[in-house]
Each structure stands twice: as structure tokens, then as C-alpha cells.
Colleague: 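This is the structure I have questions about; it appears just below.
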Number of protein chains: 2
Amino acid sequence: MDIRTRLLETAEQLFERHGFTATGMDRLTSAAGISSRTLYKHVGNKNGLIVAVMNERDRRFHRLMKTDSIDALFTTLQTWFTQEGARGCLSLRAWGETGGGVPEIAEAMERHKQRLRERIDAIVLAEIGRHDTELAEAIQLLFEGAIHAATYRGGDAAQAARRTAHRLADLARAA
Amino acid sequence: MDIRTRLLETAEQLFERHGFTATGMDRLTSAAGISSRTLYKHVGNKNGLIVAVMNERDRRFHRLMKTDSIDALFTTLQTWFTQEGARGCLSLRAWGETGGGVPEIAEAMERHKQRLRERIDAIVLAEIGRHDTELAEAIQLLFEGAIHAATYRGGDAAQAARRTAHRLADLARAA
DNA sequence: GCATATGTAAAGTGATCGTTTTACCCTCTC
DNA sequence: GAGAGGGTAAAACGATCACTTTACATATGC
């Protein structure tokens with residue numbers, strides 16, 4: 001496996017499981033089997049690593065969420081929980097742990113959320129045949145809610161969100 | 001002001017703004033104007049402080065959210081955002097930053113979420129005259145979603161959640 | 001009027017933080 | 001076959017971490 005890939009995958013796992021600040025670079029390099037010199041050659045510093053992990057995860061996330069139905073969106077989310085666990089949105093966690101004061105991290109988080117919003121807009125268009133800002137907003141709230149409720153209620157939160165989103169879509173179709 | 005109150009209030013602010021791990025005990029004691037010896041006499045260790053802050057915030061939060069209507073619930077949430085800022089649920093952040101591995105913190109988080117759920121159940125009962133698990137689940141998802149979406153969309157997320165919750169309640173009333 | 005409780009200031013504990021440095025080892029390529 | 005590129009190991013950097021210790025001040029209550 002490519003050394004950069006191994007680095008980013010290991011970092012993502014450790015950040016996800018133990019948090020960003022609590023994950024030391026020493027623990028990370030030894031877990032990835034990489035010297036610290038190489039790590040810094042690749043990502044510059046810890047914030048650079050965090051941003052690289054966020055971007056890579058964003059790519060993987062949106063590759064999965066590239067669906068065109070509400071059903072598939074939330075079912076895929078539940079699959080994500082099963083495979084990757086549910087510990088809240090990693091980009092929001094990165095933003096929170098750095099106090100919102102690191103511009104590149106804040107931008108990566110906003111990019112991630114913006115992309116999610118565009119995906120939901122497209123799904124709404126495909127489902128009810130027109131744009132509906134209010135419905136899209138509601139679905140994003142349910143999606144965000146499911147991501148965070150899954151940490152204490154388990155992955156089934158995605159199914160509850162799915163049912164509610166369907167109900168709202170039916171309502172919008174009837175209007 | 002009571003020394004313990006001053007300690008917990010200062011800690012809550014620093015934890016909220018900079019994160020738990022990133023907030024050092026030295027910075028905290030000097031911000032609160034308290035010696036570190038006194039701090040440890042009061043809360044034992046850092047995890048004890050985190051739990052104490054979580055419990056105090058939980059009390060304050062639920063004192064505010066003791067409403068009996070969907071409208072008041074989400075309006076109060078927006079007021080909370082305006083007054084305290086929106087950086088995600090502090091109890092989930094504490095759980096995440098400690099990797100879910102500190103029992104007292106995990107329990108404080110679950111207690112907080114359980115209390116919120118009971119409040120929502122009561123509101124549903126007051127609004128539509130009967131228990132409705134599905135509606136309560138949906139409202140909790142919207143509430144959780146609003147808390148986290150507010151970090152990047154602003155406090156208005158609470159209003160969008162309020163409108164959606166109303167729509168779902170109307171639907172439940174009609175059924 | 002003395003003990004007890006509760007606080008402060010400040011130094012010290014060893015560990016760990018993010019990051020850099022030094023010195024060396026392969027494996028390509030021209 | 002020399003030089004460049006990309007990697008390793010390991011030590012060192014000063015700062016900061018959570019936490020403890022020592023020594024002293026100021027009240028309150030019996």
C-alpha cells in the first residue's frame with residue numbers, strides 16, 4: 001500500500017477513535033509504521049494532516065452518498081455506521097477540537113457540509129420533480145441528527161430519519 | 001461568587017470554546033483565578049471536572065427546555081444559540097474527545113440525552129394528546145440536527161427544525 | 001485562643017506534546 | 001558510478017501536560 005494512503009488511513013482511524021488532540025504524532029507514526037520525518041515531509045504539520053484526513057474522508061463519504069433517492073441516502077448512512085462506527089461527524093469534531101480557529105480546517109468542514117447540501121438538493125429534485133428548499137433543509141437536519149443520535153441510540157437512528165424524510169417527501173409531493 | 005461556581009463556569013466556557021483536551025489545567029486555573037491545589041480538592045482530576053461541568057450544564061439546559069410545546073422547545077433552542085453560541089452538543093464532544101472510554105463521562109452524556117428524550121415525550125403528549133414514539137423520535141432527530149447544523153448554518157437551523165416539527169405534529173394529529 | 005478548614009503561591013513531578021535534526025540506507029536514473 | 005529522491009532510526013528541542021508537594025495565609029467555630 002502507498003505510504004501516504006497508509007498514513008491517512010491510520011490517522012483517520014486514530015482521530016475517529018481517540019480524538020484529534022488526544023492522538024499524538026508519536027503514537028500515530030508508530031501505528032502507521034512510518035518515521036516522523038516522512039510524516040512531516042508529506043503533510044507539513046498536524047493541522048495539515050487533519051485537513052488531508054478530512055478531505056480524503058469527504059471523498060470517500062460522497063462517493064458512497066452519490067445516490068438519487070431518499071431511501072438510498074439513509075440506507076447508505078446506516079451501512080456507513082455499521083462499517084465505520086458512529087462517533088459523530090468527524091469534520092465537526094475537528095472544527096470543535098481546534099476551536100474553530102484554524103482556517104483550513106474550518107474551510108474543509110464547510111466544504112464538506114456544502115457538498116452534502118448539494119447532494120440533498122439533487123435528491124429532492126429527483127424525488128419530487130422540482131426544487132424544494134424547505135424539504136431539503138429538513139432532510140439535512142434529519143441527516144445531521146441521525147449522524148449524531150447514532151452515537152447514543154445506535155445506527156437505527158438512520159432508519160427513523162429515513163421514515164420521517166419519506167413522510168415529508170410525500171407531503172411535498174401532495175402540495 | 002462561590003468558588004466552585006466560578007470554577008465550573010470558567011471551565012465550561014474554555015471547554016466550549018477550545019475543546020476539552022486542548023484546555024490545560026494551568027490555563028484554566030489562571031482564568032478562574034484559582035490555585036491548582038484548590039481545583040483538585042474540588043473535582044479530583046480533569047475527568048471529574050469534565051463530569052461536573054457536564055452535569056451543571058445539563059441542569060441549566062433542562063431548566064430552560066422545561067416547556068410544553070414544540071414551538072417553545074425550538075424557540076428556546078434558538079435563544080440558547082444566541083446567548084451561548086453553537087459549537088455542537090458539549091456532552092457529545094466530551095464523549096468523543098475522551099474516546100468514549102471514560103465511564104463517568106459516557107454515563108453523563110447518556111443521562112443528558114435520556115432526559116432530553118423524556119422532555120420531548122412529554123411535549124408530544126401535551127401537543128397531540130397521546131404518546132407517539134415515532135413523532136418523538138423524529139423531533140429528537142430534528143433537535144439534534146439543529147444543534148449541530150447551527151455550527152455551520154447559524155442559529156436559524158432551530159427555526160427550520162421548528163417548522164418541520166410542526167408539520168409532523170399536524171400529520172400525527174390528523175392520523 | 002487555638003484547632004480546623006479553606007484558600008494562595010510557587011516549585012517540582014515525570015511524561016508527553018509537536019517538531020526538527022543528525023546520520024544513514026536503499027533504489028532508481030542519467 | 002555518481003547524484004538525487006525517498007525512506008528509516010533515534011535523539012534532541014523547548015513547551016506543555018495533569019498532578020503533587022511544600023510552605024504559608026486567613027478566616028470561622030468551639
Colleague: Between the side chains of A/Ser35 and A/Thr38, is a donor N or O closer than 3.5 angstrom to an acceptor N or O?
Modeller: yes
Colleague: Between the two end axes of the helix from C/dT19-D/dA12 to C/dC30-D/dG1, each built from 5 base pairs, what angle do you get to the nearest 10°?
Modeller: 10°
Colleague: Let me know, please, whether A/Asn45 or B/Asp26 comes out on the 5' side of the other along DNA chain C by nearest nucleotide.
Modeller: B/Asp26
Colleague: Under a 4.0 Å threshold between the charged nitrogen and the carboxylate oxygen, would B/Arg119 count as salt-bridged to B/Asp121?
Modeller: no
Colleague: Judged by modelled atom types alone, do A/Glu118 and A/Gln114 share a side-chain donor-acceptor pair under 3.5 Å?
Modeller: yes
Colleague: Just to verify, which of B/Gln140, B/Glu144, B/Glu137 counts as forming a side-chain hydrogen bond (donor to acceptor under 3.5 Å, both in side chains) with A/Arg153?
Modeller: B/Glu137
Colleague: A quick test of your reading: do over 12 heavy atoms of other residues, nucleotides or ligands sit less than 6.0 Å from CZ of B/Arg60?
Modeller: yes
Colleague: Is any side-chain N or O of B/Ser36 closer than 4.0 Å to OP1 or OP2 of D/dA18?
Modeller: no
Colleague: Could you tell me how far apart A/Ile3 (CD1) and D/dG6 (P) are, to the nearest whole angstrom?
Modeller: 11 Å
Colleague: Base, sugar-phosphate alone, or nothing: which one does A/Gly48 contact when heavy atoms must sit under 4.0 Å apart?
Modeller: nothing
Colleague: Mind checking whether A/Trp80 and A/Phe61 have ring centres under 6.0 Å apart?
Modeller: yes
Colleague: May I ask you to say what B/Gly44 touches in the nucleic acid, namely base, sugar-phosphate or nothing, with a heavy-atom cut-off under 4.0 Å?
Modeller: nothing
Colleague: How about B/Arg117: does its CZ atom have over 12 heavy atoms from other parts shown lying under 6.0 Å from it?
Modeller: yes
Colleague: Rounded off to whole Å, could you give me the NZ-to-C1' distance for the A/Lys41 and D/dG7 pair?
Modeller: 10 Å
Colleague: How long is the line joining CD1 of A/Ile34 and P of D/dG7, in whole Å?
Modeller: 8 Å
Colleague: How long is the gap from NZ on B/Lys66 to CG on B/Leu64, to the nearest 0.5 Å?
Modeller: 11.5 Å
Colleague: For A/His166 and A/Asp71, test the side chains for any donor-to-acceptor distance below 3.5 angstrom and give the result as yes or no.
Modeller: yes
Colleague: Please classify the nucleic acid contact of B/Arg4 as base, sugar-phosphate, or nothing, using heavy-atom distances under 4.0 Å.
Modeller: nothing
Colleague: Are B/Arg37 and D/dC19 close enough that a side-chain N or O sits under 4.0 Å from OP1 or OP2?
Modeller: no
Colleague: Below 4.0 angstrom, N of the basic side chain to O of the carboxylate: do A/Arg115 and A/Asp58 qualify?
Modeller: yes
Colleague: Classify B/Thr23 by what it touches in the nucleic acid, base, sugar-phosphate, or nothing, heavy-atom distance under 4.0 Å.
Modeller: sugar-phosphate
Colleague: Rounded to the nearest 0.5 Å, what separation is found between the CD1 atom of A/Ile70 and the CZ atom of A/Arg162?
Modeller: 10.5 Å
Colleague: Over the length of the helix from C/dG1-D/dC30 to C/dC17-D/dG14, how much do the five-pair end axes diverge, rounded to 10 degrees?
Modeller: 20°
Colleague: Just checking B/Ser30: base, sugar-phosphate only, or nothing, at a heavy-atom cut-off of under 4.0 Å?
Modeller: nothing
Colleague: Membership question, hydrophobic clusters at under 4.5 Å side-chain separation (ILVMFWY): are B/Tyr40 and B/Leu14 in the same one?
Modeller: yes
Colleague: For B/Tyr40 and D/dT20, give me the distance from atom OH to atom P, rounded to whole Å.
Modeller: 7 Å
Colleague: Rounded to the Å, how far apart are B/Phe20 CZ and D/dC17 P?
Modeller: 16 Å
Colleague: Would you grab the first and last nucleotide of DNA chain C (5' to 3') that comes under 4.0 Å of any non-hydrogen atom in chain A?
Modeller: C/dC17 to C/dA23
Colleague: Between P on D/dG5 and NE2 on A/His42, what's the gap in Å once rounded to a whole number?
Modeller: 14 Å
